[in-house]
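Just below is one structure, and these are the notes that go with it.
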Amino acid sequence: MGTPPGGPAVTTQNGRVRDAVTSARRVVVKIGSSSLTTATGGLADERVDTLVDTLGRLTAEGREVVLVSSGAIAAGLAPLGLARRPRDLATQQAAASVGQGLLIGRYAASFARHGRTVGQVLLTVDDVTRRAHYRNAYRTLRKLLDLRAVPIVNENDTVATQEIRFGDNDRLAALVAALVHADLLVLLSDVDALWTGDPTNPRSSRIAEVRDDADLAGITIGGAGRSGVGTGGMVTKVEAARIATGFGIPVVLTAADLATPALAGEPVGTFFHPQRQRPTARLFWLAHATSPRGRLHLDPGAVAAVVGRRKSLLPAGITAVDGTFTAGDPVDLVDTAGASVARGLVNYDAVELPGLLGRSTSELAAALGPAYEREVVHRDDLVLL
């Protein structure tokens with residue numbers, strides 16, 4: 001999408017300015033529910049405007065911004081007379097269907113003050129793991145950015161089931177950052193940084209930088225905050241940072257009211273250094289955004305072919321099948337000890353596979369027809385774990 005595969009070259013601190021932040025041309029920003037809404041539900045207009053003013057300045061500089069925004073369910077609570085966030089999925093979906101319109105309408109009005117149009121993009125896991133859906137999501141986001149619009153991304157809570165949910169928008173933000181090949185991910189919440197313990201404990205100290213997991217050893221990471229309108233917490237933010245940095249994207253974690261200095265490169269919050277060069281985005285999604293619907297047990301030869309030689313998985317190398325799945329679903333490939341070695345999109349339904357195991361594709365084609373002369377999992381739809 002215009003950025004070199006390795007992303008920004010400089011990720012070190014430079015005095016009071018973080019070069020990786022100031023050089024980022026494509027930025028994904030995630031904002032949590034507690035930073036946008038009141039504790040009883042409903043949008044806090046001044047908080048929305050403050051965030052949009054910061055992002056509007058970025059777009060005026062010619063930088064591309066994708067906003068991953070929580071808040072749809074929380075925004076729908078008060079209009080529906082709900083005192084607190086519902087626990088059952090159906091009521092959550094009802095609140096989201098009311099709140100999402102209010103949320104995107106508020107963003108549209110606020111960004112209009114900066115001469116910017118917004119585009120709503122609602123995603124489920126299926127939208128970014130199945131090949132055709134993934135390409136559609138990519139094309140939509142790319143075209144919105146090309147047209148100088150600001151994509152507003154959220155999970156499609158009105159239709160997502162427990163089986164196809166991202167679970168929290170921190171994780172969604174990290175995966176969107178990978179999808180659009182972002183140069184930077186900024187996670188905004190009601191906590192100003194990652195701390196060594198409870199931020200209210202005077203013995204705790206702010207962690208300015210995280211270079212690898214060793215910097216997190218011995219740290220107590222808390223769950224969701226007290227507001228009761230969100231689903232995440234510091235645990236999900238650290239995991240999102242791991243996902244993004246694993247894709248080569250630096251991450252800043254800080255409070256929403258520090259968004260302006262954070263995006264100016266000032267050393268606020270916690271800065272997570274990227275860990276490696278970027279893998280293929282769609283397979284990165286497959287590894288991190290999906291839950292397997294089943295397992296394929298491989299013999300040693302198939303493990304060597306898939307893991308060692310990066311080959312497609314053929315029926316001859318499968319010894320057993322677990323789970324209920326249909327063609328196109330994600331499944332884990334496991335070795336003889338039961339350890340998952342890869343994940344891929346399967347080309348057969350679970351009910352079809354038992355009769356194919358241990359047989360060559362040429363034998364299957366001769367017996368069942370040319371439609372069966374295909375891989376169980378093609379190497380292009382397979383990622384090593």
Side-chain angles (χ1 to χ4, degrees), residues 28-52 55 65-113 116-128 133 136-137 140-141 143-145 149-176 179-180 187-189 224 227-232 236 240 256 289:
V28 173
V29 177
K30 184 267 177 178
I31 185 78
S33 297
S34 59
S35 301
L36 293 174
T37 58
T38 65
T40 57
L43 292 172
D45 289 348
E46 71 284 356
R47 295 182 182 180
V48 175
D49 288 342
T50 298
L51 172 66
V52 169
L55 301 184
V65 174
V66 177
L67 177 60
V68 178
S69 178
S70 301
I73 293 177
L77 299 182
L80 291 175
L82 300 173
R84 61 184 61 86
R85 182 185 178 93
R87 295 187 177 183
D88 66 289
L89 182 59
T91 309
Q92 289 177 13
Q93 291 173 324
S97 69
V98 172
Q100 189 63 47
L102 297 173
L103 184 65
I104 197 67
R106 190 67 193 84
Y107 276 129
S110 193
F111 271 105
R113 297 179 299 119
R116 294 290 174 176
T117 298
V118 303
Q120 180 173 252
V121 181
L122 301 177
L123 299 175
T124 67
V125 169
D126 254 5
D127 292 327
V128 289
H133 293 198
N136 287 339
T140 298
L141 288 165
K143 183 55 68 173
L144 285 169
L145 292 173
V150 178
I152 311 290
V153 181
N154 198 356
E155 180 162 14
N156 195 346
D157 290 305
T158 60
V159 300
T161 65
Q162 296 294 354
E163 290 75 21
I164 60 169
R165 291 181 69 85
F166 292 100
D168 63 81
N169 272 355
D170 295 314
R171 183 175 175 229
L172 173 61
L175 295 168
V176 166
L179 175 65
V180 300
L187 300 172
L188 302 175
S189 70
S227 67
V229 297
T231 60
T236 66

Which heavy atom in [X] sits nearest to a heavy atom in [Y], and how many Å separate them?
X    : Y    : value
G76  : V98  : CA-CG1, 4.3 Å
L102 : P79  : CD1-CG, 3.8 Å
A149 : P151 : O-CD, 3.4 Å
V28  : A173 : CG1-O, 4.0 Å
R47  : S34  : NH1-O, 2.9 Å
S33  : A74  : CB-CB, 4.4 Å

Heavy atoms, side chains only, cut-off 4.5 Å: are [X] and [Y] in contact?
X    : Y    : result
D49  : R113 : yes
V176 : V121 : no
I104 : S69  : no

As an exercise, state the distance from [atom1] of [X] to [atom2] of [Y], rounded to the nearest 0.5 Å.
X    : Y    : atom1 : atom2 : answer
D45  : T37  : CG    : OG1   : 11.5 Å
L36  : I31  : CG    : CD1   : 5.0 Å
I152 : L144 : CD1   : CG    : 10.0 Å
N169 : L123 : CG    : CG    : 10.0 Å
Y107 : L51  : OH    : CG    : 5.5 Å
K30  : S35  : NZ    : OG    : 7.5 Å

Reference residue V153; test side-chain contact (heavy atoms from CB on, under 4.5 Å); the match among L141, L122, L67: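 With V153 as partner, L141, L122, L67 yield a single side-chain contact (heavy atoms from CB on, under 4.5 Å), made by L141.
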Taking the side chain from [X] and the backbone from [Y], do they hold a donor-acceptor pair closer than 3.5 Å?
X    : Y    : result
R106 : L103 : no
Q92  : P86  : yes
S97  : A94  : yes

Residues V150, L55; criterion side-chain contact (heavy atoms from CB on, under 4.5 Å); working and verdict: CA-CA 9 Å; V150 178; L55 301 184; 5.8 Å; no
T124 side chain to N156 side chain, donor-acceptor N/O pair below 3.5 angstrom: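 No donor-acceptor contact under 3.5 Å links the two side chains.
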